[in-house]
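Below you'll find the structure, written out as structure tokens, and then a few comments.
These numbers come from a predicted model, not from an experiment. Chain A is the first sequence line, chain B the second, and so forth, proteins listed ahead of strands; every chain is numbered from 1.
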Amino acid sequence: MKYITTVDDKQFLVEIIDEKHVSVDGRMYEVDFESVSGQPVYSLIVNGRSHESYIQPGDDAWQVLLRGRLYPVKVEDEREKRLRAAAGGGVAETGEFHLKAPMPGLVVAVPVAEGEHVKKGQVLVILESMKMQNELKSPRDGVVNRIRVRAGESVAQKQALLSVQ
Amino acid sequence: MKYITTVDDKQFLVEIIDEKHVSVDGRMYEVDFESVSGQPVYSLIVNGRSHESYIQPGDDAWQVLLRGRLYPVKVEDEREKRLRAAAGGGVAETGEFHLKAPMPGLVVAVPVAEGEHVKKGQVLVILESMKMQNELKSPRDGVVNRIRVRAGESVAQKQALLSVQ
Amino acid sequence: MFKKVLIANRGEIAVRIIRACRELGIETVAVYSEADRRALHVRYADEAYLLGPAPSRESYLRADKILEIARKSGADAIHPGYGFLAERDDFAAACEEGRIAFIGPKPSAIAAMGDKAVARATVIKAGVPVVPGTEDVGNMTNDDLLGIAPKIGFPLLIKATAGGGGKGMREVRSLEEMPTLLESARREAESAFGDGNVYLEKLVEGARHIEFQILADSQGNAIHLGERECSLQRRHQKLLEEAPSPELDEELRNRMGSVAVKSAQAVNYVNAGTIEFLLDKDRNFYFLEMNTRLQVEHPVTEMVTGIDIVKEQIRIARGRALSYKQEDVHFNGHAIECRINAEDPYNNFMPSTGRITHSLLPTGPGVRVDTGVYPGFEITPFYDPMIAKLIVWGETRAQAILRMRRALEEYRIVGVRTNIPFHQTMMDSHRFMAGQYDTRFVEERFSMDDAEEHRRKNEEVAAILATLVAHQQTERSAQFVQRNERDTSNWKWVGRWERMHR
Amino acid sequence: MFKKVLIANRGEIAVRIIRACRELGIETVAVYSEADRRALHVRYADEAYLLGPAPSRESYLRADKILEIARKSGADAIHPGYGFLAERDDFAAACEEGRIAFIGPKPSAIAAMGDKAVARATVIKAGVPVVPGTEDVGNMTNDDLLGIAPKIGFPLLIKATAGGGGKGMREVRSLEEMPTLLESARREAESAFGDGNVYLEKLVEGARHIEFQILADSQGNAIHLGERECSLQRRHQKLLEEAPSPELDEELRNRMGSVAVKSAQAVNYVNAGTIEFLLDKDRNFYFLEMNTRLQVEHPVTEMVTGIDIVKEQIRIARGRALSYKQEDVHFNGHAIECRINAEDPYNNFMPSTGRITHSLLPTGPGVRVDTGVYPGFEITPFYDPMIAKLIVWGETRAQAILRMRRALEEYRIVGVRTNIPFHQTMMDSHRFMAGQYDTRFVEERFSMDDAEEHRRKNEEVAAILATLVAHQQTERSAQFVQRNERDTSNWKWVGRWERMHR
């Protein structure tokens with residue numbers, strides 16, 4: 001099975017040959033891959049080097065925590081890759097962005113109004129949680145839409161707060 | 001629900017009244033009972049006293065590990081208690097005793113022969129495991145029967161080794 | 001000796017205090033909110049009583065309930081830990097009235113030092129240097145403050161008079177931005193302390209935050225246990241502390257130490273407390289404030305002095321003399337503490353909640369972990385995000401850094417995001433290694449991307465790992481499909497069985 | 001500096017050595033058996049290579065494979081830990097030939113001290129007092145030994161010449177029982193060391209087992225790091241060690257320490273080693289043997305001296321001079337180590353295997369845990385039952401005992417039985433508290449039933465707990481029945497659905 005795997009801005013062609021062998025851009029590696037105690041903790045020995053990693057699925061990339069550094073890694077098989085190429089790039093910049101509460105908390109303020117033009121990085125909602133005031137910012141330029149919460153309101157994790165179009 | 005609960009040589013009449021109340025020999029206690037992280041670890045707060053315990057089923061009694069001490073506790077409901085009383089006491093002293101391997105290991109020696117009379121405490125099998133030679137002793141007087149292993153043989157946990165009648 | 005101590009706190013500090021009590025043969029009473037029924041302090045204490053719902057105001061801030069539980073359980077003393085009721089003079093006074101020993105200073109000392117404005121005035125009288133700012137004032141209006149600000153000069157800090165932990169603190173660069181910042185500072189202070197009062201202080205640039213641990217008994221003895229270097233902060237929250245400070249020599253330590261003792265004596269201080277100083281580039285130091293309680297970072301002092309500060313607090317509260325004179329206090333080696341917070345350093349330090357499913361503590365030589373969590377414990381949004389303190393000791397600062405590096409690498413927490421990668425990046429920072437940092441370092445000159453070379457090295461490994469996991473998942477979902485197919489055929493089989501027996 | 005060290009061991013000691021290497025910036029190579037693929041030392045090392053199947057002979061004793069892996073991975077040095085290949089002079093010699101540094105003494109010193117009979121002869125020449133026994137003899141037959149035994153006098157000990165850890169050791173009370181015991185001692189020695197040779201030694205009654213930690217460099221410097229008290233043993237296996245010994249004063253410490261250094265110098269010893277003494281009731285001491293390796297119990301010495309013995313071993317192996325002179329070694333406070341074994345103290349210390357499902361380590365001030373296991377790890381019957389070492393430090397012996405008591409109470413291990421209750425009972429024993437014990441104490445004067453009062457207090461709580469669990473189980477199985485009933489009705493529903501669509 002062949003995959004196109006992207007880490008940061010770097011692309012690797014990874015082929016899973018069998019249980020014990022993987023090739024990366026044509027370089028062959030002997031691998032020994034085990035999950036530890038039923039958790040998303042993985043032990044990988046590749047050509048003798050021992051690595052331990054905590055791997056979780058993220059929104060559009062795997063979150064690989066390796067020796068304390070976080071690597072977002074996109075894994076696509078060839079079919080997916082072709083589909084995406086056909087659809088054209090720049091996916092994230094179009095469509096509506098839905099701001100969801102990253103954790104349960106109390107809305108302290110919503111310093112924007114519906115219809116307001118916002119810049120990338122501008123604060124959309126201030127959410128208090130764990131005794132801290134957290135500023136939730138816009139990931140891009142756009143127009144605020146559908147504000148669903150008010151200051152003083154408690155929100156659950158992943159609750160929709162507003163969107164930016 | 002009423003239980004007759006025996007710890008060491010002491011008997012308690014324990015009644016589970018509802019989720020928050022238990023009476024012991026007529027004394028009423030307020031209890032808050034929780035298991036911790038899906039393990040056989042239990043937190044019990046009884047009239048404000050906080051206890052944590054590791055509780056496992058044993059052969060004929062619950063094994064309660066509490067502040068480092070082990071308490072074998074027999075819990076019977078009234079029906080069981082009556083049945084046992086009708087059957088008469090001294091259960092452990094009659095019938096055949098089956099010696100099973102308490103852990104996987106290597107049989108080093110079987111210093112008894114079939115038909116041999118053994119005393120309580122006499123060594124029946126020497127089993128090597130974890131680099132230690134462990135002497136498996138007879139729990140009572142009797143006659144050795146059905147020896148199923150020989151020195152040099154590897155055995156699995158709970159494998160039958162011999163019996164004493 | 002006290003027979004029973006109630007710990008009016010939660011988390012790692014409640015566990016820390018229970019440990020000290022147990023080692024002294026004192027029984028312990030825990031109190032807990034509904035969110036904390038399975039918390040470690042409840043599991044470890046001899047007794048435990050429910051306070052109320054999760055929010056602090058309905059549980060850990062309920063002084064009335066806590067005193068009632070103390071009476072009911074027959075506790076002789078209450079240890080407040082830090083935060084919550086620790087710096088509330090009315091609570092300390094209520095304990096006194098209820099004839100329950102408060103393990104901390106007298107209410108008068110808490111009051112004097114708790115109001116930052118009063119504290120400044122008091123120590124100025126005792127000849128202690130302070131940072132220029134608003135003097136001898138309590139309830140200043142925004143107009144008052146806006147008027148005084150230009151005289152102090154910008155940049156300056158707005159600080160909550162009831163403050164602590166950077167809450168209600170704002171940095172002001174110009175008069176224009178000040179009204180908005182005053183509003184948000186007051187709002188945060190009101191929400192954190194129930195008191196929206198603020199005051200102003202000149203911002204000392206390039207400053208280090210150095211604090212001295214004080215112990216004072218009721219017989220008039222007061223000593224210091226040396227300093228802690230606490231300059232590594234983010235949004236005025238300390239992240240990492242060390243002892244001794246890489247900046248101090250013995251002469252300056254002695255000089256600052258005796259000023260610290262003098263500051264404590266200015267309010268007839270009894271028990272453990274901390275004098276915070278700013279140290280500027282020219283090695284001038286200014287009194288900032290006194291924390292009239294045990295500090296989060298007390299373990300670094302314990303590691304280099306061998307003195308158990310909590311046990312000494314209990315001893316002092318019993319009216320006994322200190323176990324140590326100043327000349328008995330010796331400093332040995334170097335200690336560093338990293339605060340492990342449930343925060344994502346890759347996402348603007350956003351707090352993270354959830355269940356800790358797997359955890360492996362670093363252990364071995366020279367490593368101490370103070371924590372209130374364990375695998376299976378749920379991190380809720382109700383309390384602060386600090387889940388553990390990782391403390392190491394080394395013969396030298398360099399050895400302590402290397403040991404911290406290996407301990408951070410060993411520490412595994414699965415289920416919530418933590419700031420461990422932040423501390424790892426810090427340990428690799430050349431400026432940190434050289435001890436060249438001030439209170440602005442984290443926010444202004446530190447980046448999580450620092451270690452680019454490290455990164456490159458492991459990209460290929462990350463690629464292999466993620467691909468193997470993705471591949472495994474694909475395979476597994478394929479199997480599910482197959483199993484579902486079997487299930488379907490089972491249903492078919494039922495149907496057939498039904499037909500057969502019709 | 002070495003760039004890469006191979007650790008020819010497993011379990012807690014492999015992890016301990018990896019930690020030291022990491023703190024020195026040295027890369028680490030782990031080796032592992034098939035049973036240990038998920039072991040902590042494999043998880044923590046930079047590299048890891050499979051040795052072979054679980055049994056030691058096919059894995060951790062495969063010197064040839066280990067050397068091959070060292071060569072292949074480019075390791076400069078091998079640390080053998082304790083046990084396995086640590087005291088095999090042929091292995092040390094093979095390392096030397098392969099130009100790989102052996103982190104331990106020269107093969108000649110291992111050989112001289114490894115054969116207990118030769119060791120005795122060597123130190124006698126250097127004027128060191130020894131326990132009376134068989135002298136200067138290697139391969140003695142049973143007949144030889146039976147002939148010499150009455151001259152030494154009973155009781156006496158049969159000991160394996162290649163021995164260590166009490167394996168192949170037997171106590172003999174009379175000539176009659178001696179032949180059988182010789183057989184079993186030889187059998188055990190053969191199986192443990194591949195060498196069935198034994199010798200005899202007078203049994204010193206009421207003796208304490210006191211050992212001195214030695215460090216010696218290749219430049220002729222040799223120092224001791226004080227003593228460890230190791231008298232608490234069961235079947236000649238140490239269970240608990242402390243430093244300093246409650247029996248020694250400074251005068252005796254200096255005297256024994258200099259004899260220990262002299263003993264090591266008698267074989268031109270280099271690196272870390274331990275001289276074991278018996279100390280009788282009249283404070284006479286006798287050389288017992290030298291362990292030419294790192295000891296299990298080295299951490300208690302580290303806790304009271306602040307010296308990292310493993311790091312010092314690596315330094316010595318690089319040819320550097322010791323970091324300390326004798327006068328730099330200071331003893332501070334008191335340390336105790338409890339060996340946590342997977343053994344059931346309520347069932348004749350029977351080893352226990354299985355998966356550790358839940359584990360909570362004691363932490364906080366003055367506590368160190370050295371372990372190779374974690375929740376999810378499987379304890380197999382292939383290796384020794386020690387799963388962790390719990391070490392505490394206190395300002396005094398009393399404080400260390402109280403701290404150990406609280407640490408033992410905090411330690412939770414679920415899934416295998418452990419000897420933690422044994423240590424808890426020990427901490428409550430008056431004789432232990434008073435320091436009044438000898439090597440026979442555990443076997444002859446100690447009982448797990450000691451603490452009868454403790455027991456009574458908690459019987460009612462145990463009754464409530466077990467009843468609640470039993471009740472819960474009954475309720476749950478009742479629910480299962482109900483759910484099954486629902487399942488059945490589901491099937492009925494399928495049938496009905498089938499009929500409807502017929």
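- Legend: side chain to side chain donor-acceptor pair (under 3.5 Å) pairs involving residues 401-410 of chain C, not counting sequence neighbours, sorted by first then second residue: Arg67(A)-Glu409(C), Arg403(C)-Glu23(D), Arg403(C)-Asp308(D), Arg405(C)-Asp428(C), Arg406(C)-Glu410(C), Arg406(C)-Glu23(D), Glu409(C)-Arg22(D), Glu410(C)-Arg19(D).
- Scanning residues 339-347 of chain C against chain A with a 4.5 Å non-hydrogen threshold yields Ala342(C), Tyr346(C), sorted by number.
- Proximity to chain C among residues 109-123 of chain A is not found for any residue, judged by heavy-atom separations below 4.5 angstrom.
- Within the structure, side chain to side chain donor-acceptor pair (under 3.5 Å) contacts touching residues 13-27 of chain A (residues at least two apart or in different chains) are Asp18(A)-His21(A), Arg27(A)-Tyr29(A), Arg27(A)-Glu460(C).
- Side chains of Ser33(C) and Tyr383(C): a donor on one and an acceptor on the other come within 3.5 Å.
- Counting heavy-atom pairs closer than 4.5 Å to chain C, the top residue among Lys10(A), Arg49(A), Met1(A), Glu52(A) is Glu52(A).
- If you measure heavy-atom distances from Leu65(A) to chain C, the contacts under 4.5 Å come from the side chain alone.
- Both the backbone and the side chain of Val7(A) have a heavy atom closer than 4.5 Å to some heavy atom of chain C.
- Side-chain atoms of Asp36(C) and Tyr60(C) include a donor-acceptor pair closer than 3.5 Å.
- Heavy atoms of Leu70(A) lying under 4.5 Å from chain C belong to its backbone as well as its side chain.
- For Leu136(A), the part lying near chain C is the side chain, with the backbone staying farther off; criterion is any non-hydrogen pair under 4.5 Å.
- Comparing Val14(A), Val24(A), Val64(A), Ile16(A) by how many heavy-atom pairs each has under 4.5 Å with chain C, the most go to Ile16(A).
- For the options Ser129(A), Ser35(A), Pro57(A), heavy-atom pairs under 4.5 Å to chain C are most numerous at Ser129(A).
- Using modelled atom types, one finds no donor on one side chain facing an acceptor on the other under 3.5 Å when comparing Arg235(C) with Gln233(C).
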